[in-house]
Novice: 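Attaching a single structure in structure tokens format; questions to follow.
Residue numbers start from 1 in every chain, and the chains themselves are labelled A, B, ... in the order their sequence lines are given, proteins ahead of strands.
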There are 2 protein chains.
Amino acid sequence: MEDQELRKAGLKVTLPRVKILQQLEDAAERHMSAEDIYKALLDAGADVGLATVYRVLTQFEQAGIVIRHNFEGGSAVFELANEGHHDHMVRVDTNEVIEFVDPEIERRQRAIAEQHGFELVDHKLVLYVRAKKS
Amino acid sequence: MEDQELRKAGLKVTLPRVKILQQLEDAAERHMSAEDIYKALLDAGADVGLATVYRVLTQFEQAGIVIRHNFEGGSAVFELANEGHHDHMVRVDTNEVIEFVDPEIERRQRAIAEQHGFELVDHKLVLYVRAKKS
DNA sequence: ATGAATGCAAAAACTTTGCATGACG
DNA sequence: CGTCATGCAAAGTTTTTGCATTCAT
């Protein structure tokens with residue numbers, strides 16, 4: 001199953017790669033740092049090096065399998081690219097990532113690009129939020 | 001002149017702080033990394049430590065004098081906040097950066113954060129565009 | 001078999017921090 | 001003068017790389 005995705009990307013089907021892919025698919029949290037994935041795999045009894053996790057994630061990114069986000073707060077996080085487009089809300093107090101889509105914003109973005117005589121190719125929107133003060 | 005801005009922020013008017021502020025004001029490129037600023041000051045004959053540049057930039061950020069961006073590519077970059085909030089449009093064909101503000105998007109962002117029970121602390125929006133195909 | 005992938009440790013890149021010295025108000 | 005700020009060096013973080021070994025095809 002995941003094997004196809006790897007082969008299609010010209011990557012050998014190795015245990016670390018399959019495990020990392022599965023981890024990203026199965027994890028409760030869609031957005032994981034390299035360290036998160038590494039620890040999860042260790043907990044699951046897999047013998048994978050952190051360096052390999054970084055290497056594999058970089059390869060996955062280049063192959064379009066994952067998307068890397070440079071949110072605030074130290075480390076980059078990765079998510080599978082297989083879902084449709086969405087934007088992100090990041091809780092600055094917990095680093096929790098929440099996904100959302102707002103048609104109105106999407107529409108305005110296209111309109112703005114249009115107004116400037118451009119075609120919208122892509123965009124990145126991140127809202128940094130925190131629990132409301134009571 | 002810059003002294004006022006520093007005093008207003010409750011920061012002592014020291015040589016390093018003034019020089020860093022001037023550097024950000026005078027530089028051709030509005031977006032500079034700590035290292036960029038450090039090297040520029042060295043070239044200008046100023047005797048400032050890199051650690052001080054980092055410390056001062058962090059203080060400036062907290063005081064709202066500069067904005068820190070965690071773009072791709074290693075180091076964070078800083079820009080003066082004196083121009084008021086704006087988002088960025090980047091031409092993927094020329095790398096030209098265009099600034100814009102859309103009140104409707106700003107409003108939707110606050111509404112979305114609100115709907116999720118959060119307070120909007122900050123946001124980053126980048127539109128990647130290119131000239132329309134003829 | 002052979003070339004790619006891995007794990008480990010070391011290094012690199014970026015940023016923060018401890019501490020003695022020096023500068024600001 | 002009493003702090004607060006600075007510079008340097010050392011330590012922290014996150015990510016990358018060198019190299020011998022192991023694995024996939």
Novice: Measuring from the side chain of A:P16 (C-beta onward, heavy atoms only), which nucleotide among C:dG3, C:dG7, C:dC24 has the closest atom?
Specialist: C:dG7
Novice: Taking side-chain contact (heavy atoms from CB on, under 4.5 Å) as the test, write out the residues that go with A:R130, two or more places apart.
Specialist: A:V92, A:D93, B:E119, B:V121
Novice: How would you summarise protein contacts on nucleotides 9-18 of chain C per nucleotide, using B for base, S for sugar-phosphate only and - for none, with heavy-atom distances below 4.0 Å?
Specialist: B----SBBBB
Novice: When you look at A:V90 and A:L127, which way does the side-chain contact (heavy atoms from CB on, under 4.5 Å) test go after all the steps?
Specialist: CA-CA 6 Å; A:V90 180; A:L127 304 186; over 6 Å; no
Novice: For the atom pair CD1 (B:I105) and CD (A:E104), what is the distance rounded to the nearest 0.5 Å?
Specialist: 9.0 Å
Novice: Tell me the bend of the helix from C:dA1-D:dT25 to C:dG25-D:dC1 as the angle between end helix axes, each from five pairs, rounded to the nearest 10 degrees.
Specialist: 30°
Novice: Which other residues end up in the same hydrophobic cluster as A:I67, if Ile, Leu, Val, Met, Phe, Trp and Tyr are linked when side-chain heavy atoms come under 4.5 Å apart?
Specialist: none
Novice: Enumerate the residue pairs fulfilling ring pair (Phe, Tyr, Trp, His ring centres under 6.0 Å) with a member in residues 29-58 of chain B, sequence neighbours excluded, ordered by first and then second residue.
Specialist: B:H31-B:H69, B:H31-B:H88
Novice: Which residues within residues 24-31 of chain A lie with some heavy atom under 4.0 Å of an atom in DNA chain C?
Specialist: none
Novice: Under 4.0 Å from OP1 or OP2 of C:dC24: is there any side-chain N or O of B:R7 that close?
Specialist: no
Novice: When rounded to the nearest 0.5 angstrom, what is the spacing between CZ in A:R17 and CD in A:Q22?
Specialist: 14.5 Å
Novice: Between A:E99 and A:H85, do the side chains contain an N or O donor and an N or O acceptor separated by less than 3.5 Å?
Specialist: no
